[in-house]
Asker: 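I'd like to ask some things about the structure below.
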Amino acid sequence: MSLHLLLTDILLWSLMIGGMAWGVYMRKAKAGLEAWRDIFRSPVAMVSAVILLFYLAFALLDSVHFKVNDPHRSDSGSVISLLDMAMQHRRTFSERTYSAPFATQEYTRSVVVDKKGVTHQSFLPLKHVSPEGFWQKSMWGMGVGIALALLLIFLHRRWLRGGHERGEPLPWRSAYMTFAILTVLFSWLYVMSFSFHVLGTDKVGGDLFYASLKSIRTGMLIGTLTTLVTLPLALVLGVSAGYFRGWVDDLIQYLYTTLSSIPGVLLIAAGVLTMQVMMDQHPDWFATTVERADIRLLFLVVILGVTSWTGLCRMLRAETLRISQMDYVTAAKAFGVNSWQIMWRHIVPNLTHIILISIVLDFSGLVLAEAVLSYVGVGVDPTMYSWGNMINQARLEMARDPMVWWSLFSAFIFMFVLVLAANLFSDRVQHVLDPRNVS
Amino acid sequence: MFIYILRRILYAVPILIGVNLITFMLFFMVNSPDDMARVQLGAKQVTPQMIEAWKVERGYDKPLFYNAEASGVEKVTKTLFVQESSKLFRFDFGRSDANRDIKEDIKARMGPSLAIALPTFLIALVTNISLALLLVLFRGTVLDTTAMVIAVMIMSVSGLFYIIAGQVLFSKIWHWVPISGYAEGWEGIRFIILPVLIGVFSGLGSGVRWYRSIFLEQINQDYVRTARAKGLSEVRVLFSHVLKNGMLPILTGVVVIIPSLFMGSLIMESFFGIPGLGSYTIDAIHAQDFAIVKAMVFLGSVLYIVGLILTDISYTLFDPRVKL
């Protein structure tokens, strides 16, 4: 087995490292640190942040890929992630068809011929389920979860007492509660997933708990990596338009008015269709289906980014126009500081709040957009696990009689919790950082 | 006034040319005249000669942006880009892969799209504004906080869930309305009730929050305090002062989308089987029919720009401070 990082893995990890570096840098700036502490002073923000970190942890776990080189294994040559390894028992052994959560037999009857040659319809038992000892396993799963949660909380408390807590205490209690609940819930589900399909199986018998966990990465990638595209575009163009004015301003305004006048979904659809045809013409670009899906995801992120920078750009331009009228910028100009220095040292730092608000605000919208785009047929690769693809399948399942509700349910819960947390967190960020909310 | 509107319309021309340039580059990068000829002529036994003949016949044998063989102005005008753009500007969208006239299709499908989009828009506007005013009246109370929590929750659910859940509850389990379909006239009401209701509900969260924030911004202004000091009741203050002054920011956000209502809703229409422009676009995307997608991109941009112009005009009508 050898490390085999996909392009999106590298980008996500570099985004993480970049974000952390920025965080460390910001710790030095007193005002910035105060603003952050202020954000987390709200218990709701604390709870949402813990949930977001939980999702992020899964995304990161799923972003370390290995290539299997072992010829003795059936999946030799494929690319699997750390999460795949942890979920090995649910990745490779699938059932024949639909089964409900915690079921022991298939959801639909199948025709069986018994020893006497008589055909009759019956529910076949599931192949990879061991129903005995439900309560013992449950206790065990929850016990491990509680122990783990308590241990980590204890360690964190010790670390805080070691002098890392400054100023007013933050609402740690709500954070611990959320963390404990999430950990216990997950460890219970994880332990149970060895004996059951905890969220049921889909049409071809794939485990939905595994599918939902895998979808986390897709959603988080789209929500975060798009920033990597929008931010530089919006920042460079917005600040130069506002600072230089004149024809530069006219040109950039023309650019973003043109782009934003094309209906978003249609522009994305056009871009993705173009990309699809291009990828069909060059099948030699990718070695495996995982890589193909990965490149497609990356293209989607780029297209989403290119179509969604205009709003932020407009705001940054307006704010730069305002700031460059301020006395301290005039003073800097009078001292002969060059334009780039003024923009980088005097204007950009004063735009941070707008950028941060827009990043957290866009995140939930992007996660939701993924589902819609997958439905339209211009989303992620159909072979890739994503909530959009799950909902897309669920549409037909809901029309069946009796209804197959669990794949819609799983996608709903996983998505709703993430988006709700992101929305609540972004509300708080906006409330604290937006200078209009001084009152 | 007239001159102002004329100037705004003229300003739209370079933007539309830019839109054309983007779509042209996107589509001709993958869907060259050769590919189009192959699709149109059918897959079997297409010789290069036939492709050439087809291209000459349709005028697709020209270079993309610059014609070196022509002379004078024709160096620029006798190109594929100018030819295709001028076709779009004349609303000549050509024929789809299924060899149907796209313009006729669009005309026929605008009605059903509007039948869903217009009621959704109007009902949503009235409900959102009234709920927002109600919450502003009770601001700071338990009602306000609870409503805001519910609003965030409504916002956090993907629109697809509302549609699927609505169809399952109202059509499959309770049999109140048909699950999908469309009919003209009064007959059609039972088909559009559910999509309209779902459309209104799914926008409720973000809508109410937006209007509420607009009204709250007004309520701290000095003129509101003066109105209260005059002895006006809180309800009077809200309706005759706050609502009136909130109209301007509302206009900016609302007028611009009115023309785009013609485009219909992609997802709503395809889920409910409504033969509008939204489902037309989705089908085109699924079938990779580039001619239709291109036409819809152009149409959407035109309608959006019309919306921008209407916004400016509505300003001059509603804001006495804006004089032209």
Side-chain angles (χ1 to χ4, degrees), chain A residues 44 254-255 257-278 280-281 364-365 367-372 374-378 387-388 391-392 394-395 397-399 401 403 405 408-409 411-412 415-424 426-427 436 439, chain B residues 11-12 14-19 21-23 25-27 29-31 35 148-149 152-153 155-161 163-165 167-168 172-173 179 205 209 217 220 260 263 266-267 270-271 278 281-282 284-286 288-290 293-294 296-305 307-308:
Chain A
V44 177
Y254 169 71
L255 197 66
T257 319
T258 306
L259 259 183
S260 62
S261 66
I262 303 177
V265 182
L266 282 178
L267 188 56
I268 294 167
V272 172
L273 280 184
T274 311
M275 165 200 88
Q276 248 170 13
V277 173
M278 217 154 67
D280 289 344
Q281 286 166 356
S364 53
V367 175
L368 289 177
E370 186 271 323
V372 172
S374 294
Y375 172 73
V376 177
V378 293
W387 294 313
I391 300 170
N392 211 351
R395 191 194 167 197
E397 294 167 3
M398 298 299 278
D401 221 16
M403 235 168 356
W405 51 268
L408 186 72
F409 172 80
F412 172 80
M415 228 172 140
F416 178 67
V417 171
L418 175 64
V419 175
L420 185 64
N423 274 334
L424 290 171
S426 79
D427 266 8
R436 281 179 303 174
S439 53
Chain B
Y11 180 63
I15 293 179
L16 280 177
I17 293 178
V19 170
L21 189 65
I22 294 173
T23 43
M25 288 197 303
L26 268 178
F27 287 114
M29 217 156 78
V30 291
N31 193 36
D35 299 331
M148 280 303 103
V149 173
V152 180
M153 284 184 159
M155 271 169 69
S156 306
V157 177
S158 165
L160 298 171
F161 287 114
I163 300 178
I164 297 178
Q167 278 187 331
V168 167
K172 204 179 159 199
I173 298 180
I179 202 155
R209 270 163 58 106
E217 219 159 89
N220 295 323
S260 306
M263 299 285 288
L266 290 181
I267 300 159
S270 77
F271 263 98
T281 317
I282 291 232
I285 292 172
H286 282 306
Q288 304 211 343
D289 192 328
F290 289 97
V293 178
K294 196 163 71 180
M296 294 310 290
V297 168
F298 183 73
L299 193 66
S301 316
V302 171
L303 290 174
Y304 179 79
I305 291 166
L308 286 182

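Values below: every heavy atom of this structure, side chains too, minus hydrogens, waters and symmetry copies. Quick note on labels: first sequence line is chain A, next is B, and so on, each numbered from 1.
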Asker: Assess the residue pair A:M403 and B:K172 against the criterion (side-chain contact (heavy atoms from CB on, under 4.5 Å)); give the C-alpha distance rounded to whole Å, side-chain angles, the decisive distance to 0.1 Å, and a yes or no.
Answerer: CA-CA 10 Å; A:M403 235 168 356; B:K172 204 179 159 199; 3.4 Å; yes

Asker: Quick check: closest heavy atoms across B:I15 and A:S261, and the distance to 0.1 Å?
Answerer: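 Minimum heavy-atom separation between B:I15 and A:S261: CG2-OG, 3.8 Å.
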
Asker: Quick one: what part of B:V168 sits under 4.5 Å from any heavy atom of chain A, side chain, backbone, both or neither?
Answerer: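 Just its side chain gets close to chain A.
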
Asker: Report which part of A:F412 has an atom under 4.5 Å of a heavy atom belonging to chain B: side chain, backbone, both, or neither.
Answerer: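 Backbone plus side chain of A:F412, per the 4.5 Å heavy-atom cut-off to chain B.
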
Asker: Which atoms form the tightest heavy-atom contact between B:H286 and A:G377, and what is the distance?
Answerer: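 In this case the closest contact between B:H286 and A:G377 is CE1-CA, 4.0 Å.
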
Asker: Give the member of A:M398, A:M415, A:Q276 that has the highest number of heavy-atom pairs under 4.5 Å with chain B.
Answerer: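 The option with the most such pairs is A:M398.
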
Asker: So which residue, B:Y11, B:Y304, B:F161, B:F298, ends up with the most heavy-atom pairs under 4.5 Å with chain A?
Answerer: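 Ranked by heavy-atom pairs under 4.5 Å with chain A, first place is B:F161.
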
Asker: Write down the atom of B:G18, the atom of A:T258, and the distance for their closest heavy-atom approach.
Answerer: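 That closest heavy-atom pairing would be C-CG2, 3.5 Å.
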
Asker: How close do B:I282 and A:Y375 get, counting heavy atoms only, and between which atoms?
Answerer: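 Taking B:I282 first and A:Y375 second, the nearest heavy atoms are CD1-CE2, 4.4 Å.
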
Asker: Can you tell me which of A:G271, A:A270, A:A269 forms the most heavy-atom pairs within a distance under 4.5 Å of chain B?
Answerer: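 Going by pairs under 4.5 Å, I would pick A:A270.
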
Asker: Before you tell me yes or no, could you show the steps for A:L259 and B:I22 under side-chain contact (heavy atoms from CB on, under 4.5 Å), namely the whole-Å CA-CA distance, both residues' side-chain angles and the distance that decides it to 0.1 Å?
Answerer: CA-CA 9 Å; A:L259 259 183; B:I22 294 173; 4.1 Å; yes

Asker: Going by salt bridge (Lys or Arg N to Asp or Glu O under 4.0 Å), name the residues that satisfy it together with B:D289, two or more places apart in sequence or in a different chain.
Answerer: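 Once residues adjacent in sequence are excluded, B:D289 has no partner under the salt bridge (Lys or Arg N to Asp or Glu O under 4.0 Å) criterion.
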
Asker: Given B:S301, which of A:I262, A:L266, A:L267 fulfils the side chain to side chain contact (heavy atoms under 4.5 Å, CB included) condition?
Answerer: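 Running side chain to side chain contact (heavy atoms under 4.5 Å, CB included) over A:I262, A:L266, A:L267 with B:S301 returns exactly one hit, A:I262.
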
Asker: Could you tell me which portion of B:L266 (side chain, backbone, both or neither) has an atom closer than 4.5 angstrom to a non-hydrogen atom of chain A?
Answerer: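 For B:L266, side-chain heavy atoms alone lie under 4.5 Å from chain A.
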
Asker: With a 4.5 angstrom heavy-atom cut-off, is it the side chain or the backbone of A:V372 that approaches chain B, or both, or neither?
Answerer: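 Backbone plus side chain of A:V372, per the 4.5 Å heavy-atom cut-off to chain B.
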
Asker: Of the backbone (N, CA, C, O) and the side chain (C-beta and beyond), which part of B:T23 lies under 4.5 Å from a heavy atom of chain A, both, or neither?
Answerer: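 It is neither, since no heavy atom gets under 4.5 Å.
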
Asker: Please classify the contact of A:V265 with chain B as side chain, backbone, both or neither, using a heavy-atom distance under 4.5 Å.
Answerer: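 The side chain, not the backbone.
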
Asker: Could you state the interatomic distance from CG (B:L160) to CH2 (A:W387), rounded to the nearest 0.5 Å?
Answerer: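 Here the rounded value is 14.0 Å.
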
Asker: Can you tell me how far apart CE (B:M25) and OG1 (A:T274) are? Round to the nearest 0.5 Å.
Answerer: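 Output value for this atom pair is 11.0 Å.
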
Asker: Tell me, side chain or backbone of A:D427 under 4.5 Å from chain B's heavy atoms, or both, or neither?
Answerer: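 The side chain, not the backbone.
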
Asker: Quick one: what part of B:V293 sits under 4.5 Å from any heavy atom of chain A, side chain, backbone, both or neither?
Answerer: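 Side chain only.
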
Asker: Please find the pair of heavy atoms, one from A:P263 and one from B:G300, that lie closest to each other, and give the distance.
Answerer: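 Residues A:P263 and B:G300, closest heavy atoms: CG-CA, 3.6 Å.
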
Asker: Given a strict heavy-atom distance threshold of 4.5 Å, which part of B:T281 is in contact with chain A: side chain, backbone, both, or neither?
Answerer: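 When you check distances to chain A, only side chain atoms of B:T281 fall under 4.5 Å.
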
Asker: Which pair of heavy atoms, one from B:S156 and one from A:L368, lies closest together, and at what distance?
Answerer: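 Smallest interatomic distance, heavy atoms only, reads O-CD2, 4.2 Å.
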
